[in-house]
Structure formats: C-alpha cells, structure tokens
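All remarks here apply to the structure that follows.
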Amino acid sequence: MKYFTKCQARAAYVRVFTLLLLLGIVPAADAGVQPDHKGTKVISNGPLSVEIMIPGHSDAYNTGMRFTPLAAVLSAKLDGYGYLYNPVSHDRVNDHAGLAAEFDLCIPGDSGVMYPPGYEEAEPGGGFVKVGVGVLAKPSAPYTLFSDCKALFIPETSVEWRRHGARFTQECRGPGGYGYRLEADVVVGTNRVDVLWSLANTGVKRIRTRQYTHNFVRFGDNDVGSGYVLSFPYGVSASGLEEEQVCRGNEIVFLKPVPKWANISVPYPADYCGQNICCVKFLPEGRSITFETSRPGVRTDVHVRPDYVSPESFILIEAEPGETAEWRRGYVFGR
C-alpha cells in the first residue's frame, strides 16, 4: 500500500476540501451564539454552528478512557435546529455525545475483535496503547468497552482554534515500541463539517487499528421512531433488527418508537467500489445527515436507543514505522 508523506497528504487535503468548503461562504454567524455545555467552544460559519469539547478542560463532557478528546463535536445546529444528541445532564465518565471518535472498540463476543496496539503483548497491569487516549493498564479480565482501565499515561492534547475550525494534536510514546502522533483538523462549512485525520507511526512497530465515530443522531426533539430512515448506496442485509425496524432495499426503516435499544450490523459489501456513505433522514421535517468516509468500510454498526440512532462506520488504519495514514470523515447537514 502506498502512503503519501505527511506534508503531501495534508497539503492535498487542505487544498481540495478547504477550497470546496470556502467557495461561496458567508460571514461567520453572530458572535453571540452561546454554548449549551461547559468546557466547550462554539465555531460558526453562517447558518451552521458547532460546539466542540475543549481537551483537558475541568468541565469536559467526557473524561473516560474510551473516546479520544480530539475533534469531539458535541452539537451541530443549522439555523438553530439541532442534529445531534448531547444532553446536558449525563455521566461524565461513561457517556458521550455528538460525534465521538474511538479506536479499537472491543465488543464482548465480537469474533472480529482487534485489540489496541501492544495489548496482547502486555502482562496484566502492564501498559498498552489506546490510540487517541494514551497508555492504559491491561486488565486481568478480558478487555471490552466496559473495562475500567487505569490510565498509566495521558498525553496532552493541544488545540489551535481557527475562525472556521480547529486543529488538534496529540503525541504518545507507549511501551513495547509503539508510538504515534494523532492530528485532527475540524473544518466547519455552512452546511457541513469535515474532520481530516492523520495518524503518524512514531514507534518502531507496525500500528494496525480500527477507527469509528459514535455518531449520536437526534433530529430536534424527536425520539427515534416512525419517520427515521437510514439509507446506504448498496443493498442492506442487516442483522440485529428488532420488530421496530425493517430492511427495505437499501434502507433501514424505523416503524415505531424504540422501547429500549437495538444493535444492528450492516456488512460492507466486498464487491462495492462506490463512496463509503450512509444517510439518516427524518422525513416529517425534511432533515438529514449524510456521513462520508474516505476509506472503504469494515462494517457499519447501528446502535439505537429511544433518544438517538448512531450509525458507526468502522475502517481499518495501518501504518508502518515512519509512515502516516490519512483519512477524512465528512458530515453534511440537510434541510
């Protein structure tokens, strides 16, 4: 697999996507736009305002060891209409909101589990690398998303705030020869947000990791149920559907309110060569979010609760020592 140098890749992304986003932009929204949460900063571009978590802030929305603090967009409002689930009252350790990114999610019973770098080599209590978080202690019980791992080293995450976005940077030197430099550029357009990710392998061992974003979608004040539709550019063969959902061609249609939860999995077709996208629509109000991913998927999991629906596109990231992997996630807010 060919990799561009860090400078070449970042320059290409900035030239293409920044140009597309900035053509025809309108002046920034009223500076009086107020955040809904503590420990955040609001970035606006005309009708679109997003609220982003400030890494390391004492009032950070999430302080747990699962999700990275980079590019944590908590809310997105287009003309004041909310598209993401982000309740003010929540469990700050375990709960997240908005567009929450994570590397190497380990689900109990998942036959395709991929452990974080260095996890399998480490002894219980020894350190492994959780990309985007830092160095954690290996638990004695099997590692899953429910594991409450002790933090051995949490690297500082720096942020450079810009008029229409922000750049986040985190560097971590872990045990066993693993190390990385993770960057995320958030670019806010007038109806979309793009996150340009960069993972540089600064260690001496190969990094192989899976990344996804836990996209908490909620349209306005509408619970998940009739009117919500999730669509793909290919035929859907989903597992985990409950009686409140049904597959129709390339769509998952929600028929009635979700009483508790559903965990749906949509395989990524091996012969599909098109763009990796999916779209969540709320038909009664004509609202939608289209999720774009620049790399082919591994699969798309859809976690559903009464309050939100979360399509999660998993992708594989690999980088040899000295190499940098790049990818983009885009979010288009429709009305």
Side-chain angles (χ1 to χ4, degrees), residues 29 33-45 47-57 59-64 66-103 105 132-133 145 157 159 161 164-166 168 184-189 191-197 211-224 228 230 278-280 282 287-293 301-313 328-334:
V33 175
Q34 297 298 311
D36 294 325
H37 308 281
K38 297 179 181 179
T40 63
K41 186 174 179 64
V42 175
I43 301 292
S44 299
N45 192 347
L48 181 62
S49 293
V50 302
E51 191 173 353
I52 305 174
M53 189 175 78
I54 300 173
H57 195 283
D59 291 314
Y61 195 94
N62 177 270
T63 62
R66 275 188 62 189
F67 299 99
T68 179
L70 280 75
V73 175
L74 297 180
S75 71
K77 296 179 181 179
L78 189 62
D79 294 325
Y81 184 95
Y83 284 72
L84 301 174
Y85 177 73
N86 52 91
V88 173
S89 179
H90 67 286
D91 179 343
R92 289 185 60 213
V93 175
N94 298 304
D95 292 346
H96 218 317
L99 310 175
E102 181 184 8
F103 292 79
L105 173 69
V133 176
L145 64 92
T157 299
V159 57
W161 299 103
H164 295 312
F168 298 82
D185 285 350
V186 179
V187 182
V188 179
N191 73 329
R192 65 179 294 148
V193 172
D194 283 88
V195 183
L196 313 179
W197 290 94
Q211 192 262 354
Y212 79 106
T213 302
H214 199 319
N215 303 304
F216 294 86
V217 176
R218 178 182 177 88
F219 294 103
D221 195 31
N222 300 286
D223 286 348
V224 179
Y228 276 77
L230 174 60
C278 68
C279 180
V280 183
F282 184 59
R287 301 284 178 164
S288 65
I289 304 179
T290 300
F291 301 92
E292 305 172 347
T293 306
D301 287 349
V302 186
H303 181 56
V304 186
R305 287 187 178 269
D307 296 328
Y308 62 82
V309 55
S310 178
E312 306 162 352
S313 175
R328 178 184 68 90
R329 291 191 182 272
Y331 311 88
V332 183
F333 304 94

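What you see is a predicted model; the values in this text were computed from it and never measured.
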Any side-chain heavy-atom pair of [X] and [Y] under 4.5 Å:
{"X": "F103", "Y": "V133", "value": "no"}
{"X": "V73", "Y": "Y331", "value": "no"}
{"X": "L74", "Y": "H96", "value": "yes"}
{"X": "E102", "Y": "H214", "value": "no"}
{"X": "W197", "Y": "Q211", "value": "yes"}
{"X": "V195", "Y": "F168", "value": "no"}
{"X": "T68", "Y": "T157", "value": "no"}
{"X": "N215", "Y": "R329", "value": "no"}

Find the distance between [atom1] ([X]) and [atom2] ([Y]) and round it off to the nearest 0.5 Å.
{"X": "Y83", "Y": "L78", "atom1": "OH", "atom2": "CG", "value": "4.5 Å"}
{"X": "S75", "Y": "Y61", "atom1": "OG", "atom2": "OH", "value": "10.0 Å"}
{"X": "L99", "Y": "N86", "atom1": "CG", "atom2": "CG", "value": "10.0 Å"}

Original post:
Which of parallel (below 30°), tilted (30 to 60°) and perpendicular (above 60°) describes Y228 and F282?
Top reply: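 Ring orientation, 0 to 90° scale: tilted.
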Subject >> Heavy-atom closest pair, residues P55 and M53 >> reply: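 Nearest pair, atom of P55 first, then M53: CD-O, 3.4 Å.
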Original post:
Can we call the ring centroids of F333 and Y81 under 6.0 Å apart?
Top reply: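 No; Y81 has its ring centre 6.0 Å or more from that of F333.
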